[in-house]
Amino acid sequence: MSTTLYYFDGRGKAEIVRLAMAAANIPFKQEFIREKNQFETMRAEGKLLFGQLPMVEYEGHHLVQSGSMARFFAGKGDLLGSNEEEKLKIDILFEGTRDFNSAFMPYGFLGFKEVLDNAKATAMPRYLPIYNFILSRNGSNGHLVGSTLSLADLGLLEVVLSIEELLSEDELKPYPEIQNFLKTMKSNEMISKYLNSDLRRRKNDEKYVTEVKSVLY
């Protein structure tokens, strides 16, 4: 059975799910929700447990909650660690990336420059040194835990890609471990394939913000 992701035509809360599916080599297609009636129909049909997107149709199931879906698909790709200690470390570091990423999620919805200015003043000085240290402590091998790709890596990658694209790669210069991490991630075959495919949606712009608001409000 095919796997289908339902979301708006942007990254948002679905991006970590896309990254997890791509890294686990799970082929998927996308259905974009552009009109309010599409959204309301899905809710009326009981496909959205909590009345929210994203949703993934997988083997006859309607999966929701982006973090849970990311973990589920990461598990399919053996990206959750090889033992209990690794699993715990990966989960802790992944949750940290979700807090970090929340600084960039409102991009466009609460302004463009305003959101980036706030991220530069608060989240980036807080989280980048921590993850730079964790990467160094793990042996400077381009991974947060162990020596193979994990869900924690995918979570950090999402944020670092936002910094690189929305601000500048120069923002990463004080953090050489982060720079090495980004290089390592981009050299991963599955991740590289995804990032250079049509599955990777564009950054938020006025059109996207307007479209999402028209669906939700």
Side-chain angles (χ1 to χ4, degrees), residues 2-32 53-54 56 58 66-67 69-80 90 93-94 96-98 100-105 107-108 112 115-116 119 123-124 127-128 131-132 135 141-173 175-205 207-208:
S2 63
T3 300
T4 305
L5 169 68
Y6 293 81
Y7 195 61
F8 310 108
D9 188 9
R11 298 172 188 168
K13 290 184 177 294
E15 189 61 12
I16 190 60
V17 183
R18 295 185 184 103
L19 283 167
M21 289 193 288
N25 198 23
I26 297 174
F28 66 96
K29 62 181 181 179
Q30 303 189 86
E31 292 289 340
F32 300 122
L53 295 168
V56 172
Y58 179 80
S66 57
M69 288 188 284
R71 288 185 181 87
F72 174 73
F73 291 117
K76 294 290 183 181
D78 294 324
L79 307 176
L80 296 178
I90 289 168
L93 293 171
F94 174 68
T97 70
R98 299 305 81 199
F100 190 3
N101 193 56
S102 67
F104 294 91
M105 289 297 287
Y107 181 69
F112 291 94
V115 169
L116 295 181
M124 288 169 59
Y127 290 101
L128 285 175
Y131 282 102
N132 196 74
L135 287 163
N141 63 8
H143 297 285
L144 286 167
V145 179
S147 58
T148 58
L149 185 67
S150 74
L151 179 60
D153 293 327
L154 298 179
L156 181 59
L157 175 63
E158 180 182 8
V159 193
V160 174
L161 286 171
S162 293
I163 293 171
E164 180 187 46
E165 181 177 11
L166 302 181
L167 291 165
S168 167
E169 61 182 350
D170 289 344
E171 298 289 341
L172 304 176
K173 285 184 177 180
Y175 310 101
E177 296 289 345
I178 299 282
Q179 289 181 305
N180 180 57
F181 164 82
L182 182 57
K183 182 179 179 180
T184 301
M185 292 298 104
K186 287 183 175 181
S187 69
N188 179 282
E189 180 181 358
M190 291 295 100
I191 291 177
S192 176
K193 180 180 178 182
Y194 167 70
L195 293 178
N196 291 287
S197 74
D198 291 338
L199 294 171
R200 169 80 164 165
R201 311 316 295 164
R202 72 189 189 279
K203 65 182 180 181
N204 292 5
D205 55 23
K207 179 182 178 182
Y208 173 71

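- The environment of CD in Glu169 is sparse: at most 12 heavy-atom neighbours from other residues, nucleotides or ligands sit within 6.0 Å.
- Judged purely by atom type and a 3.5 angstrom limit, Asp153 uses its side chain to pair as donor or acceptor with the backbone of Ser150.
- Residue Arg202 comes nearest to Asp9 through the heavy atom pair NH1-O, 3.5 Å, listed as atom of the first residue, atom of the second, then distance.
- Among all heavy-atom pairs drawn from Lys76 and Ala24, the shortest one is C-CB, 4.4 Å.
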Practice task
Given side-chain contact (heavy atoms from CB on, under 4.5 Å), test Lys203 with Leu166 step by step and report yes or no.
Solution key: CA-CA 8 Å; Lys203 65 182 180 181; Leu166 302 181; 3.7 Å; yes
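- In this structure, the side chains of Met105 and Arg98 stay at 4.5 Å or more apart for every pair of heavy atoms.
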Problem - Verdict with reasoning, Phe73 to Leu79, per side-chain contact (heavy atoms from CB on, under 4.5 Å) - result: CA-CA 9 Å; Phe73 291 117; Leu79 307 176; over 6 Å; no
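- The side-chain hydrogen bond (donor to acceptor under 3.5 Å, both in side chains) test applied to Glu31 returns no partner, not counting sequence neighbours.
- Using a 4.5 Å heavy-atom cutoff, the side chains of Ile178 and Ile163 are not in contact.
- Looking only at atom types and distance, the side chain of Gln30 has a donor-acceptor partner in the side chain of Arg18 under 3.5 Å away.
- For the residue pair Ile16 and Ala70, the shortest heavy atom distance occurs at CG1-CB, 4.0 Å.
- Taking NZ of Lys13 as the start and OH of Tyr7 as the end, the distance is 7.0 Å to the nearest 0.5 Å.
- A donor-acceptor pair is defined here as one N or O able to donate and one able to accept, closer than 3.5 Å; such a pair exists between the side chain of Asn196 and the backbone of Ser192.
- From Glu15, atom CD reaches atom CZ of Arg200 across 4.5 Å, with rounding to the nearest 0.5 Å.
- Taking 4.5 Å as the limit, some side-chain heavy atom of Leu135 sits within range of a side-chain heavy atom of Leu144.
- Here the closest heavy-atom approach between residue Lys29 and residue Ser2 is recorded as CE-OG, 4.0 Å.
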Problem - Full working for side-chain contact (heavy atoms from CB on, under 4.5 Å) between Leu156 and Leu93 - result: CA-CA 8 Å; Leu156 181 59; Leu93 293 171; over 6 Å; no
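- Ring-centre distance between Tyr131 and Phe181: not below the 6.0 Å cut-off.
- To the nearest 0.5 Å, atom CG of residue Leu5 and atom CD1 of residue Ile26 are 12.0 Å apart.
- The line from NZ of Lys173 to CD of Gln179 is 8.0 Å long, rounded to the nearest 0.5 Å.
- Within the model, atoms CD1 of Ile90 and CZ of Arg71 stand 11.5 Å from one another, a figure rounded to the nearest 0.5 Å.
- Partners of Asn25 by side-chain hydrogen bond (donor to acceptor under 3.5 Å, both in side chains), not counting sequence neighbours: none found.
- A distance of 9.0 Å separates CD1 in Ile191 from CG in Leu161, rounded to the nearest 0.5 Å.
- Checked against side-chain hydrogen bond (donor to acceptor under 3.5 Å, both in side chains), Asp78 has no partners two or more places apart in sequence or in another chain.
- Summarising the geometry of Leu149 relative to His143, their closest heavy-atom pair is N-CE1, 3.6 Å, with the distance given to 0.1 Å.
- Taking 4.5 Å as the limit, some side-chain heavy atom of Asn132 sits within range of a side-chain heavy atom of Pro176.
- Scanning all heavy atoms of the two residues, the minimum distance from Leu157 to Leu182 falls at CD1-CD1, 3.8 Å.
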Practice task
For the pair Tyr58 and Met69, evaluate side-chain contact (heavy atoms from CB on, under 4.5 Å) and give the outcome as yes or no after the intermediate values.
Solution key: CA-CA 10 Å; Tyr58 179 80; Met69 288 188 284; over 6 Å; no
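- Between Tyr107 and Phe112, the ring center distance clears the sub-6.0 Å criterion.
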